[in-house]
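Have a look at the structure below before the remarks.
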Amino acid sequence: MIKTRFAPSPTGFLHVGGARTALFNYLFARKFGGTFLLRIEDTDPERSKPEYSEQILISMKWLGLDWDEGPYHQSQRMDIYKSYTEQLLKEGKAYRCFCTQEELEEMREQQRKAGLPTRYDGRCSRLTQEEIKEKLDKGMPYAIRLKVPQDRGIIAWDDMVKGHIEINSSELDDFILVRSDGTPTYNFAVVIDDYTMGVTHVLRGEDHIPNTPKQILIYEALGWETPVFGHVPMILGKDKTKLSKRHGAVGVEAYRDEGYLPEALFNFLALLGASYDPDREVYTKQELIDLFDPKKIGLHAAVFDPDKLNYINREHMKMLPPEELLERIKPFAEAKGFKVEPFHIKLIPLLVDRMHTLKDFVEMADYIFTDDFSIDEKAQTILEKNMPLDGLSDELKAQPWDAEHIEQVLRAYAQDKGIKPRDYFPFVRAVISGKSVGPSLFHLMEAMPQEMVLRRLTARN
RNA sequence: GGCCCUAUCGUCUAGAGGCCUAGGACAUCACCCUUUCAAGGUGGAGGCGGGGGUUCGAAUCCCCCUGGGGCCA
């Protein structure tokens with residue numbers, strides 16, 4: 001039985017990079033009928049905030065990453081960590097380190113001077129029972145370090161995405177498991193959590209590769225079998241550095257608020273740095289589940305390309321039935337104080353090709369919501385030409401309200417007034433919509449209520 | 001600085017020794033369609049980081065360099 005997990009720290013909103021690793025874990029679990037669990041790593045009371053973890057859950061649900069287990073909270077598992085600490089201490093796999101900050105700093109300083117790598121030299125592991133007892137009796141604070149076996153040699157694992165990775169254990173020192181304030185370090189807590197929660201596959205960002213050998217050592221000290229590890233490459237900004245706030249929107253919620261469809265962001269993220277069918281890039285969630293394969297994930301970091309996201313978003317908007325799309329647009333209309341009406345459905349097919357986001361609909365077509373629509377610069381100039389409109393609404397009214405008849409009437413009217421259609425049509429468009437660009441004029445008029453169009457025509461006259 | 005990961009068009013990628021005159025998508029340019037803007041169609045420009053090997057033959061395998069990224073300091 002496969003079990004994957006996503007374990008964010010609630011120190012901010014859900015980052016798109018985090019969302020992508022969550023997504024891969026989700027895909028993997030779903031594909032093999034496994035379990036996907038969520039764990040909030042909130043052991044850092046300084047930076048962790050409940051509202052952040054709430055926000056992360058909201059973003060995950062919005063993206064469609066529903067989890068089967070959790071959310072667990074690391075902060076509520078302190079007792080568990082403690083019991084394993086005692087076990088390791090008793091078995092001599094870990095030891096108390098009484099070194100002070102100053103002592104450690106001095107040691108590093110000397111190592112630097114000698115041109116040696118700065119590592120803990122293991123001095124406290126050589127303390128005698130009496131010395132330990134004495135320090136304990138004096139109430140000296142201590143951290144707990146893992147005793148890395150001298151002869152451990154090469155630590156290696158077969159990474160689900162990267163393949164074979166190895167590192168020499170001599171690169172590692174006796175690192176800290178529990179801080180002097182009693183809190184477990186990241187690596188220690190993660191190992192205990194993953195194991196006790198039955199996690200079988202750990203898919204995470206490649207920034208965790210350096211943690212993996214340490215965690216393997218902890219698994220070994222505890223006598224546990226390691227899970228399968230997989231490290232997915234980072235997401236980079238346009239300047240090829242790790243995607244961060246400097247690059248603009250990095251929070252999932254920001255994309256939601258900008259009018260991206262969750263299925264589009266899902267699709268985009270799943271394909272960023274991966275490929276399944278070289279001739280396709282638009283997929284449904286189910287297709288992505290069926291196709292997912294960690295071996296298909298690229299090996300190097302990928303640049304986040306907003307243009308491609310826009311494209312994918314439009315493709316997904318096109319895939320949605322018009323009623324559904326309008327429903328998704330609704331909140332964005334309401335945010336501007338606009339009310340969605342039944343006739344708006346007719347505008348969807350006309351506008352969807354011009355939209356990148358849900359928001360675009362409201363911004364491009366404000367004129368279908370209010371008479372107080374915005375007028376773009378070019379339309380302003382066109383309007384100044386003051387072309388004739390008298391009698392036009394009567395002529396329109398006399399014919400059926402469809403694109404074909406509207407076109408006939410407009411052409412005849414323009415000809416009658418001695419105006420070239422290509423000069424006249426933009427004028428009519430500007431009058432009824434305030435825009436110099438938009439869908440085919442006649443189809444646009446047909447989609448709008450006749451009463452609304454005629455009203456604007458006569459008001460202008 | 002140490003360790004690790006990595007390297008195909010501007011971007012995301014296909015490519016697992018001859019199928020490559022390196023394919024697709026986004027972006028870009030031109031043309032067509034057209035009342036406008038899109039969409040769509042057609043076409044164009046654009047890439048195997050460098051150097052050594054291995055091989056009859058290398059984008060593909062090996063080594064070095066360089067570049068990019070990450071973690072730690």
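Proteins get letters first, then strands, A, B, ... in listed order; numbering begins at 1 in each. Remember, it's a predicted structure, so these values are computed and weren't measured experimentally.
- Not one side-chain nitrogen or oxygen of A/R280 sits closer than 4.0 Å to the OP1 or OP2 atom of B/G24.
- Of all nucleotides listed (B/U11, B/U13, B/C37), B/C37 comes nearest to the side chain of A/V437.
- B/G67 is paired with B/U6 under the Watson-Crick or G-U wobble criterion, all donor-acceptor distances under 3.5 Å.
- Across B/U11 and B/A27, the matching P atoms stand 16 Å from one another, rounded to whole Å.
- Salt bridge A/D121/A/R123: present, at least one basic N to carboxylate O contact under 4.0 Å.
- Other residues, nucleotides and ligands place more than 12 heavy atoms under 6.0 Å from the NZ atom of A/K31.
- Going from atom CG of A/L172 over to atom P of B/A73 covers 13 Å, rounded to whole Å.
- Taking atom P in both B/A30 and B/G52, the straight-line distance is 41 Å, to the nearest Å.
- Base pairing of B/G1 is made with B/C72, judged by Watson-Crick or G-U wobble geometry with both donor-acceptor distances under 3.5 Å.
- Enclosure of atom NZ in A/K397 is not indicated, since only 12 or fewer non-hydrogen atoms of other residues, nucleotides or ligands lie within 6.0 angstrom.
- The side chain of A/R411 places an N or O atom within less than 4.0 Å of a non-bridging phosphate oxygen (OP1 or OP2) of B/U35.
- Between A/D353 atom CG and B/A39 atom C1' the separation is 4 Å, expressed in whole Å.
- Only the P atoms considered, B/C5 is 22 Å distant from B/C9, to the nearest whole Å.
- Checking B/U35, B/C26, B/C12 against every side-chain atom of A/A302, the shortest atom distance belongs to B/C12.
- Counting atom types as modelled, A/K318 pairs no side-chain N or O with a base atom of B/A39 as donor and acceptor under 3.5 Å.
- Note on A/S436: a base of the nucleic acid sits closer than 4.0 angstrom, heavy atoms only.
- Atom CD1 of A/I419 and atom P of B/U35 are 17 Å apart (whole Å).
- Taking the P atom of each, B/G18 and B/A38 are spaced 44 Å apart, rounded to whole Å.
- Using a 30° and 60° split on the angle between ring planes, A/F188 and A/Y81 fall in the tilted class, from 30° to 60°.
- Under the 4.0 Å criterion applied to side-chain N and carboxylate O atoms, A/K336 and A/D366 are not assigned as salt-bridge partners.
- One can place CZ of A/F268 at 10 Å from P of B/U13, the figure rounded to the nearest angstrom.
- The interatomic distance linking A/M445 (CE) with B/U35 (P) rounds to 15 Å, in whole Å.
- Using the Watson-Crick or G-U wobble rule with both distances under 3.5 Å, B/U28 pairs with B/G44.
- Taking the six-membered ring where the residue is Trp, the centroids of A/F427 and A/Y413 are separated by 6.0 Å or more.
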Self-check item: Candidate pair A/F28 and A/F24, rule ring-ring contact (aromatic ring centres under 6.0 Å, His included), full reasoning
Solution: CA-CA 6 Å; A/F28 190 65; A/F24 286 144; over 10 Å; no
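- Across every strand in view, B/A59 sits unpaired, with no contact that passes the Watson-Crick or G-U test at under 3.5 angstrom.
- Between the side chain of A/T21 and the backbone N or O of A/G18 there is at least one donor-acceptor pair closer than 3.5 Å.
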Table of protein N/O atoms under 3.5 Å from nucleotides 28-32 of chain B N/O atoms:
none

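- Distance A/E407 CD to B/U35 P: 8 Å, rounded to the nearest Å.
- Taking the side chain of A/M234 as heavy atoms from C-beta on, and the options B/U36, B/G69, B/A73, the nearest nucleotide is B/G69.
- With hydrogens and angles left out, the side chain of A/S440 and the base of B/U36 share no donor-acceptor pair within 3.5 Å.
- Closest approach to the A/D279 side chain among B/A39, B/A14, B/G24 is made by B/G24 (side chain taken as heavy atoms from C-beta onward).
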Practice problem: Just do the ring-ring contact (aromatic ring centres under 6.0 Å, His included) check on A/F268 and A/Y260 with the steps written out, would you? | Solution: CA-CA 11 Å; A/F268 174 73; A/Y260 290 92; 8.9 Å; no
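- Within 4.0 Å (heavy atoms only), A/P439 reaches at least one base atom of the nucleic acid.
- With respect to A/K308 and A/E281, no salt bridge is recorded, no charged nitrogen being found less than 4.0 Å from a carboxylate O.
- Residue contacts for A/Y424: at a heavy-atom cut-off of 4.0 Å it reaches no nucleic acid atom on any strand shown.
- Taking atom C1' on both B/G43 and B/C62, the two are 42 Å apart, rounded to the nearest angstrom.
- Annotation: side chain of A/D290 is in contact with side chain of A/Q286 (closest heavy-atom distance under 4.5 Å).
- Pairing partner, B/U35: none, since no Watson-Crick or wobble contact has both distances short of 3.5 Å.
- On the P atoms, B/U66 is 16 Å away from B/G50, given to the nearest whole Å.
- For the pair A/G273 and A/Y311, both in contact range of RNA chain B, the more 5′-proximal nearest nucleotide belongs to A/G273.
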Distances under 3.5 Å between nitrogen or oxygen atoms of protein and nucleotides 3-10 of chain B:
residue: B/C5; atom: O2'; partner: A/K162; partner atom: NZ; Å: 2.2
residue: B/C5; atom: O2'; partner: A/E206; partner atom: OE1; Å: 3.2

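- B/U8 and B/G68 have their P atoms separated by 14 Å, given to the nearest Å.
- Map A/P421 and A/N211 each onto its nearest nucleotide of RNA chain B; the residue landing nearer the 5' end is A/P421.
- Nucleotide B/U21 forms a pair with no other nucleotide shown, judged by Watson-Crick or G-U wobble geometry with both contacts under 3.5 Å.
- Contact annotation for A/L410: no contact, since no heavy-atom pair falls under 4.0 Å across all strands.
- Salt-bridge formation is not detected for the pair A/E220/A/K93: no Lys NZ or Arg NE/NH1/NH2 atom is positioned less than 4.0 Å from an Asp or Glu carboxylate oxygen.
- By the 6.0 Å and 45° rule, A/K285 stacks over the aromatic ring of A/F266.
- Between the OH atom of A/Y276 and the C1' atom of B/G23 there is a distance of 20 Å, rounded to whole Å.
- Distance CG (A/L291) to P (B/A14): 14 Å, rounded to an integer number of Å.
- When each of B/A39, B/U35, B/C12 is scored by its nearest atom to the side-chain atoms of A/L441, the top-ranked nucleotide is B/U35.
- For the C1' atoms, the distance from B/A59 to B/G1 is 34 Å, rounded to whole Å.
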